[in-house]
J.: 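Here it is, the structure in full.
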Amino acid sequence: MRIYWTKKSENRFQEIYTYILTEFGDKSSKKFKDKVFDFLELLERFPELGTWKSETKTFTDFKYQSRQEYSTG
């Protein structure tokens with residue numbers, strides 16, 4: 001599956017990225033960008049993570065849960 005960005009989604013991503021960069025710095029904005037693109041790569045490889053609107057065959061939603069790792073030691 002190939003993912004295409006709409007102009008609206010590109011603009012919104014840039015707004016969020018710029019906000020994080022301004023408010024939290026380079027490290028946080030890079031982490032945000034990396035996580036978004038990692039997830040999009042995962043979605044391209046495993047499109048069943050998403051939900052499709054059957055009438056129009058458009059992507060409407062996705063199910064994603066981040067796994068937290070805890071140390072016991």
Side-chain angles (χ1 to χ4, degrees):
M1 180 176 114
R2 180 144 166 87
I3 294 177
Y4 297 93
W5 288 67
T6 64
K7 193 64 173 166
K8 182 179 180 179
S9 62
E10 286 179 8
N11 291 338
R12 188 68 181 126
F13 175 82
Q14 189 60 46
E15 287 173 5
I16 295 167
Y17 176 81
T18 301
Y19 172 79
I20 293 171
L21 179 62
T22 302
E23 295 296 319
F24 303 102
D26 290 334
K27 187 175 180 180
S28 294
S29 62
K30 181 179 181 339
K31 187 175 181 179
F32 166 73
K33 184 173 83 172
D34 290 347
K35 284 186 175 277
V36 168
F37 284 97
D38 285 349
F39 175 73
L40 292 176
E41 183 180 309
L42 183 67
L43 188 59
E44 280 185 326
R45 290 180 49 209
F46 302 101
E48 63 274 8
L49 291 172
T51 302
W52 292 89
K53 202 173 184 181
S54 61
E55 317 82 70
T56 60
K57 302 284 185 205
T58 58
F59 181 76
T60 59
D61 198 4
F62 60 86
K63 297 171 182 142
Y64 177 74
Q65 183 175 4
S66 179
R67 189 182 76 189
Q68 297 290 328
E69 294 185 22
Y70 300 96
S71 174
T72 59

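Every value quoted in this text rests on a predicted model; they were computed, and no experiment measured them. Numbers here are sequence positions counted from 1.
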J.: Side chains of residues 16-26: which donor-acceptor partners sit under 3.5 Å, not counting sequence neighbours?
T.:
unit_1: T18; atom_1: OG1; unit_2: Q14; atom_2: O; d: 2.8
unit_1: T18; atom_1: OG1; unit_2: Q14; atom_2: NE2; d: 3.2
unit_1: T22; atom_1: OG1; unit_2: T18; atom_2: O; d: 2.8

J.: Distance check, rounded to the nearest 0.5 Å: L40 atom CG versus W5 atom CH2?
T.: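 Answer rounded to 0.5 Å: 5.5 Å.
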J.: Once side chain to side chain contact (heavy atoms under 4.5 Å, CB included) is applied, do any residues pair with T6, and if so which ones, sequence neighbours excluded?
T.: K8, S9
J.: How would you list, by chain and number, every residue that makes a side chain to side chain donor-acceptor pair (under 3.5 Å) with K33, sequence neighbours excluded?
T.: none
J.: Can you name the nearest heavy-atom pair linking R2 to E44, along with the distance?
T.: CA-OE2, 3.9 Å
